[in-house]
Amino acid sequence: MSLDPVVGFFILGLLAGLLRSDLKLSTGLSDTLSIYLLIAIGLKGGIELSHASVAELAAPIAVAVLMSAGTPLLAFPLLRRMGRLDRPDAASIAAQYGSVFVLTFAVGASYLGAQGVVYEGYMSVLLVFLEFPALIIGVLLAKGISRQTDWGVLGREVLAGKAIVLLAGALAVGWIWGSDGNQWLVRFYGDMFKGFLSLFLLGMGVLTASRIDDLRRTGKFLIGYGIVMPMVSAVGGVLIGWGLGLTLGGATLLAILYASASYIAAPAAMRIAIPEANPALSLGASLGVTFPFNVLIGVPLYHQMARAAYAFLGAP
């Protein structure tokens, strides 16, 4: 299993943070890089979508989104019983691990590209849809349906969040204008993608190092949870991908999506919907354990899992 060179920049940032170096990316630059990555991924998905039939994609998208609800439903009782977490914290963490993280997807796509593995271009479309189910389920698990649930505020926080707006907007641009109309944009958002990704990973490495103290306070259970839960979700992603007839690369990316834990949309939505939850627990586990695990080990591991599954089950 070989790592993509861009992961080296994450390791560099992580080491710099652990060594207490003064290396850091400004907030403005980090925001700019995240905007670039979101647009690049959405634009690519939209262009691929312009070449496909929406009717043909409706069923795979619906199945993938529906099955993604299984992650928070599985995680919640585990966090409550084995982790001994209170209801708000368990629901918040379950929602975060049921949602997805665009950067993990970007690392996975970059890895597959370096390996020469093809995948369905519309996989980035799932990024937009896979954000919602876990967030809604997380609120229901924490509070249930009651008059106190401000669905308007929650819906606005989720739907109007930066990640969704940029992904959906860039997706629409790519879909409407297609590859011919976006040829100049493709040069910027395609050819320079890995360079910008390496800079963003450098900053994420520094940020991850800063969350180590939060992680220490979460205890051994959440450390194990942050590793085991993504692998369980990835197995489900591979099997669902095989059932949907995706290519090996497509099933790998679906596994990566299921294994990722949201660092942007879910924490923001949970802060509004479940203010009593402790964000140090969810961010310590997702950013301190799951994200580095996925970047350094998980992505190539999920690819090998998909290869083994497809060899055993046969190509769909």
Step-by-step side-chain contact (heavy atoms from CB on, under 4.5 Å) determination, Tyr189 to Lys44: CA-CA 9 Å; Tyr189 288 106; Lys44 180 178 180 180; over 6 Å; no

Taking the side chain from Ser262 and the backbone from Gln96, do they hold a donor-acceptor pair closer than 3.5 Å? no

Nearest 0.5 Å, please: how far is OG1 in Thr290 from CD1 in Ile223? 11.0 Å

Linking I/L/V/M/F/W/Y whenever any side-chain heavy atoms sit under 4.5 Å apart, do Val238 and Val65 land together? no

Within a strict 4.5 Å, meaning less than it, do heavy atoms of the Leu246 and Tyr119 side chains meet? no

Flag the pair Phe105 / Leu253 as yes when at least one side-chain heavy-atom distance between them is below 4.5 Å, and no otherwise. yes

To the nearest 0.5 Å, how far apart are CD1 in Ile137 and CG in Leu73? 4.5 Å

Please tell me if the side chains of Ile256 and Asn294 come closer than 4.5 Å, counting only heavy atoms from C-beta onward. no

Does anything in residues 228-256 form a side chain to side chain donor-acceptor pair (under 3.5 Å)? List the pairs, not counting sequence neighbours. Glu120-Thr247

Residue pair Ala64 / Tyr258: nearest heavy atoms and the distance that separates them: O-OH, 2.6 Å

Can you see which heavy atom on Gly237 is nearest to which on Leu254, and at what distance? O-CD2, 3.5 Å

Count I, L, V, M, F, W, Y as connected when their side-chain heavy atoms are under 4.5 Å apart, and connections chain through other members. Are Leu141 and Leu66 then in the same cluster? no

Please check this pair: side chain of Ser50 against backbone of Gly178, looking for a donor-acceptor N/O pair closer than 3.5 Å. no

Do you know which two heavy atoms are closest between Ala91 and Gly138, and how far apart they sit? CB-O, 3.4 Å

Any chance CE of Met231 has more than 12 other-residue heavy atoms, nucleotides or ligands included, within less than 6.0 Å? yes

Is the closest side-chain heavy-atom distance between Val102 and Leu37 below 4.5 Å? no

Taking only residues at least two apart or on different chains, which pairs with a member in residues 183-209 satisfy salt bridge (charged side-chain N to carboxylate O under 4.0 Å, His left out)? Asp4-Lys194

Under the side-chain contact (heavy atoms from CB on, under 4.5 Å) rule, what do Val7 and Tyr111 come out as? Steps first, then yes or no, please. CA-CA 9 Å; Val7 177; Tyr111 170 83; over 6 Å; no

Is Phe193 close to Ile41 at the side-chain level, that is, under 4.5 Å between some pair of heavy atoms? yes

Pair Ile39, Val173 - check side-chain contact (heavy atoms from CB on, under 4.5 Å), show working. CA-CA 10 Å; Ile39 291 177; Val173 170; over 6 Å; no

Any pair with a residue in residues 75-85 that passes side chain to side chain donor-acceptor pair (under 3.5 Å), sequence neighbours left out, goes on the list, sorted by first then second residue, please. none

Ala94: what forms a side-chain contact (heavy atoms from CB on, under 4.5 Å) with it, not counting sequence neighbours? Pro72, Ala75, Phe76, Leu79

Inter-residue atom distance Ser30.OG - Lys24.NZ, 0.5 Å rounding: 10.5 Å

Interatomic distance, CG@Leu202 vs CG@Leu207, rounded to 0.5 Å, equals 11.5 Å

Below 4.5 Å, heavy atoms only, C-beta onward: do Leu296 and Phe10 meet side chain to side chain? yes

Report the residues that fulfil side-chain contact (heavy atoms from CB on, under 4.5 Å) with Val232, sequence neighbours left out, ordered by chain and then residue number. Leu74, Val228

May I ask whether Val235 and Phe312 are part of the same hydrophobic cluster, defined by side-chain heavy atoms of I, L, V, M, F, W, Y residues being less than 4.5 angstrom apart, directly or through others? yes

I'd like to know whether Thr104 forms a side-chain contact (heavy atoms from CB on, under 4.5 Å) with Val295, so could you lay out the CA-CA distance, the side-chain angles of the two residues, the decisive distance to 0.1 Å, and finally the verdict. CA-CA 7 Å; Thr104 309; Val295 170; 5.6 Å; no

Can you measure from CH2 (Trp177) to CG (Leu43) and round to the nearest 0.5 angstrom? 11.0 Å

Please find out if less than 6.0 Å separates the ring center of Phe200 from that of Phe9. no

Look at the side-chain heavy atoms of Ile, Leu, Val, Met, Phe, Trp and Tyr, link any pair under 4.5 Å apart, and say whether Val107 and Leu15 land in one connected group. yes

May I ask you to test the Val206-Leu25 pair for a side-chain heavy-atom distance under 4.5 Å? no

Check Leu197 against Ser110 and note the closest heavy-atom contact, atom names and distance. CD2-CB, 4.0 Å

Would you list the pairs meeting side chain to side chain donor-acceptor pair (under 3.5 Å) in which at least one residue belongs to residues 6-23, sequence neighbours left out? none

At their closest point, which heavy atom of Ala259 faces which heavy atom of Ala234, and how far apart are they? CB-CB, 4.1 Å

How close do Ala134 and Ser99 get, heavy atom to heavy atom, and via which atoms? CB-N, 3.5 Å

In this structure, CG of Leu78 is separated from OH of Tyr97 (nearest 0.5 Å) by 11.5 Å

pair Leu222-Ile93: side-chain heavy atoms closer than 4.5 Å: yes

Hey, any chance Val118 and Leu244 share a hydrophobic cluster, counting ILVMFWY side chains that come within less than 4.5 Å of each other, even indirectly? no

